[in-house]
Amino acid sequence: MRIRLKHIVLIIVLASLGAIIYGFTLGEEQSQIANKFIGFGTVGLFLIAMPLFLIKESKSRKVKDYMLTEENIRKMQGKAPKKTENQ
């Protein structure tokens, strides 16, 4: 059985959400432990799961397609590409 990156991300997200919910359900008498659970859940979501998800989703993408260049601006506006003198 091969564990894929999407499964790892899903496990981390569920564990982080579980830690955050558990931290909020703890009473006032255990506020120090509750804050730790909430903090670790937040760290798990934003510093571990989100970067792994972004790496997984952007693996086969070209960065050039998402950069705001003159050529891409013309494509968005529906104009023909501008011919330069050396062409």
Side-chain angles (χ1 to χ4, degrees):
M1 184 174 153
R2 197 171 115 194
I3 297 178
R4 296 188 176 176
L5 188 58
K6 76 176 187 180
H7 295 122
I8 293 171
V9 171
L10 182 64
I11 290 169
I12 293 171
V13 167
L14 291 176
S16 297
L17 289 176
I20 291 171
I21 291 170
Y22 181 70
F24 278 118
T25 58
L26 288 176
E28 286 290 324
E29 62 276 353
Q30 297 175 341
S31 65
Q32 197 171 23
I33 296 172
N35 289 336
K36 286 183 182 180
F37 273 102
I38 295 169
F40 284 129
T42 305
V43 166
L45 278 177
F46 292 105
L47 294 181
I48 299 172
M50 188 180 293
L52 286 176
F53 173 77
L54 292 174
I55 289 169
K56 175 192 160 303
E57 289 297 319
S58 66
K59 195 179 291 185
S60 63
R61 314 261 179 182
K62 295 179 187 173
V63 176
K64 184 182 176 189
D65 293 339
Y66 298 98
M67 293 181 70
L68 197 58
T69 62
E70 186 175 339
E71 179 184 340
N72 288 342
I73 292 171
R74 291 192 183 278
K75 282 183 190 177
M76 287 187 290
Q77 292 174 344
K79 296 181 181 177
K82 189 177 185 179
K83 299 278 184 185
T84 58
E85 291 179 22
N86 61 359
Q87 289 183 348

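- If you take CD1 on I8 and CD1 on I11, they are separated by 7.0 Å, rounding to the nearest 0.5 Å.
- Taking OG of S16 as the start and CD1 of I38 as the end, the distance is 13.0 Å to the nearest 0.5 Å.
- For the atom pair CD1 of I48 and CZ of F40, the computed distance is 10.0 Å after rounding to the nearest 0.5 Å.
- Around the CD atom of Q32, the shell of radius 6.0 Å holds no more than 12 heavy atoms that belong to other residues, nucleotides or ligands.
- Contact between A19 and G41 at its shortest, heavy atoms only, is CB-CA, 4.2 Å.
- Here the side chains of K36 and L26 are not in contact, with every heavy-atom distance at 4.5 Å or above.
- Contact record, L68 with M76: CD1-CE, 3.6 Å, taken as the closest heavy-atom pair.
- How far NZ of K59 is from CG of L5: 6.0 Å, rounded to the nearest 0.5 Å.
- Grouping the Ile, Leu, Val, Met, Phe, Trp and Tyr side chains by contacts below 4.5 angstrom, directly or via other members, places Y22 apart from L17.
- The side-chain heavy atoms of R74 and E71, taken from C-beta on, include no pair separated by under 4.5 Å.
- When all heavy atoms are compared, the tightest approach of F46 to P51 is O-CD, 3.6 Å.
- The CG atom of N35 lies 9.0 Å from the CZ atom of F24; values are rounded to the nearest 0.5 Å.
- To the nearest 0.5 angstrom, I12 atom CD1 is 13.0 Å from F53 atom CZ.
- Follow the hydrophobic side-chain contacts under 4.5 Å out from L14 and you never reach L52; the two are in separate clusters.
- No single ILVMFWY cluster, assembled from side-chain heavy atoms under 4.5 Å apart, contains both I21 and F37.
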